[in-house]
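Reading through the structure tokens given below for one structure.
Below, read A as the first sequence line, B as the second, and so on, with proteins coming before strands; counting in each chain starts at 1.
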2 protein chains.
Amino acid sequence: MPASQAPTGDNPTGSDDRDKPQVSLWERLARPAPTPRTTLTPHRIAEAAVAIADTEGLDAVTMRRLATALGVAPMAAYRYVSGKDELIELMVDFAYGQLPLDTPADSWREAMHSMAVHLRAMNLAHPWTVRAGAQWTVRAATQFFLSPNQLAVPERAFAALAESGLDADTTMAVFRTVSGYVHGSVAAEIALQTLRGDNGWSDGDETRAGLAPRMSYLMGTGRYPNYQHYLHQATRKDDPDWQFETGLACVLDGIAAHFGI
Amino acid sequence: MPASQAPTGDNPTGSDDRDKPQVSLWERLARPAPTPRTTLTPHRIAEAAVAIADTEGLDAVTMRRLATALGVAPMAAYRYVSGKDELIELMVDFAYGQLPLDTPADSWREAMHSMAVHLRAMNLAHPWTVRAGAQWTVRAATQFFLSPNQLAVPERAFAALAESGLDADTTMAVFRTVSGYVHGSVAAEIALQTLRGDNGWSDGDETRAGLAPRMSYLMGTGRYPNYQHYLHQATRKDDPDWQFETGLACVLDGIAAHFGI
DNA sequence: TATCGGTTGGATACAACGTACACACGGAAG
DNA sequence: CTTCCGTGTGTACGTTGTATCCAACCGATA
């Protein structure tokens, strides 16, 4: 490894990887464990953590809770992940691993639409992925797609866009635009979904009823006449599928028009 | 203020708002303090917290650190905010309050473009707003625009869209699409910016150099040929302004085409 | 079979966090 | 002057992530 010189030198006593492990989570995990002790494994850790996050929310994923679920001591998982950052990274990659690999598409538009729909479905199935990307930005970095299963997303997108004959910058712009829209709109959708779930509101009317005391004050200020009017007039407020697909259609129409494909 | 009746009555002993305050942060803060003790005020609290978040990051905003900055005891701010959730809510609204109020626009497209640009600028100036919305989803709820200054964003957008003659659902879809794209793409931009800042990487080349050990393993697996190819070919990788504007142009083009406006 | 080195999981401990609770101060009202 | 209530203080508790040391275990070797 002649590439980068070690910045800080090595330390004599304890752990070597002080500042940064330098070798990433995925590279380290790829080398087979010299002694295959089957009790704990990265896959089992990720699986258990994801199960907790799916059922009890991301806040319930503490190192102790995870250890209890795995039937081991609180510090056991630290043999596989350097800290909670890497645990989140593992979880996010696990979630992205559930995306379908084969999405045959006849056109770039169909491929982008499929990618968007599947990303949304995955995010809705694991709502914590949106939070995770924002909370542990440095390592997890959902937006970067820097883990194996996350990288597979732009890889497939670029492959599908290749036949359109766009240059590299435009290709990446298309991907970024679509994934940006998906990420933003799904984040909003999940925020509303989480708000409902935390307060036990089942449908839209119940949500508006629960939000009423908050809203009535704000609307009473008279600062938001247009907002109030449109909110009253709208009939598809509670149709997130329509909202997502409508916006996505706009985005894809715009890409087609803007780049002439 | 005869507007809304008090839901829970008044409290005899200590704090009555056990389960939910029922009266929102904004309504509570609007009633003038009976005894104007000038040492602490919601605005001062928000200002100090935002200053800490801007300079040292959102993680540095702890109740103790905030109290130190304000020159008061750790628990002092709890007289104004019920917990850290509401502190974040206060901070986010403070940041949205810096958005320009007057954005004269000759067309809906110009108005939407202006909104997008200003939202991005505000988010880049206060990168923690993106995290805050995801982390404290229940109350802060950046995506909901449920605080005074946040609500002003859709209010202005709806006002600008009114002349286009779209129905309520379509108007809201347009707003949601644009704000969704902005939120998603800015989140990605900020994630990259944060990654750079935390590692002290100044430009794009330095970032790629720092990411090299991580990337070289992933690329070495041979699973991402298209990704590798396009990343190598692209020349505007380090031009976030171009990326944002290009995607935004697509979104606005798509809205115009899809709804015929 | 007995020994050994490296890996795995356990036990303990600590600093920092959010925040509940009871108290002290100080101006306004009577 | 007395009373009262809103405001800031002090103390303390439970929970979190995780550093550190230690014991148990595996397969290979002698």
About how many Å separate CG of A:Asn149 and CD of A:Glu155, when rounded to the nearest 0.5 Å?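 Those atoms lie 13.0 Å apart.
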
Within this structure, what is the [atom1]-to-[atom2] distance between [X] and [N], rounded to whole angstrom?
X	N	atom1	atom2	answer
B:Met63	D:dG8	CE	P	13 Å
B:Ile45	D:dG8	CD1	C1'	11 Å
A:Tyr78	D:dG17	OH	P	6 Å
A:Lys84	C:dA16	NZ	P	19 Å
B:Ile52	C:dC17	CD1	C1'	15 Å
A:Asp85	D:dT16	CG	C1'	14 Å
B:Leu40	C:dG26	CG	P	17 Å
B:Leu66	D:dG8	CG	P	13 Å

Among residues at least two apart in sequence or on other chains, which ones pass ring pair (Phe, Tyr, Trp, His ring centres under 6.0 Å) with A:Tyr224?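 Here no residue qualifies.
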
Just the table, please: protein N/O against nucleotides 10-13 of chain C N/O, every pair under 3.5 Å.
from   : atom 1 : to      : atom 2 : distance (Å)
C:dG10 : OP2    : A:Ala73 : N      : 2.3

Please set out all donor-acceptor pairs under 3.5 angstrom arising from side-chain atoms of residues 65-73 of chain B, sequence neighbours excluded.
from    : atom 1 : to      : atom 2 : distance (Å)
B:Arg65 : NH2    : B:Glu56 : OE2    : 2.4
B:Thr68 : OG1    : B:Arg64 : O      : 2.9

With respect to the side chain of A:Tyr80, which nucleotide from D:dT7, C:dG9, D:dT18 is positioned closest?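 Of the options given, the side chain of A:Tyr80 lies nearest C:dG9.
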
Can you find a side-chain donor-acceptor pair between B:Ser147 and B:Gln150 that sits under 3.5 Å?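 There is such a pair between these side chains.
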
Identify the heavy atoms of B:Leu218 and A:Pro148 that sit nearest to each other, and give their distance.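 What the structure gives for the nearest pair is CD2-CG, 3.8 Å.
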
Sub-3.5 Å donor-acceptor pair from the side chain of A:Lys237 to the main-chain atoms of A:Leu231, do we have one?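 Yes; at least one donor-acceptor contact below 3.5 Å.
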
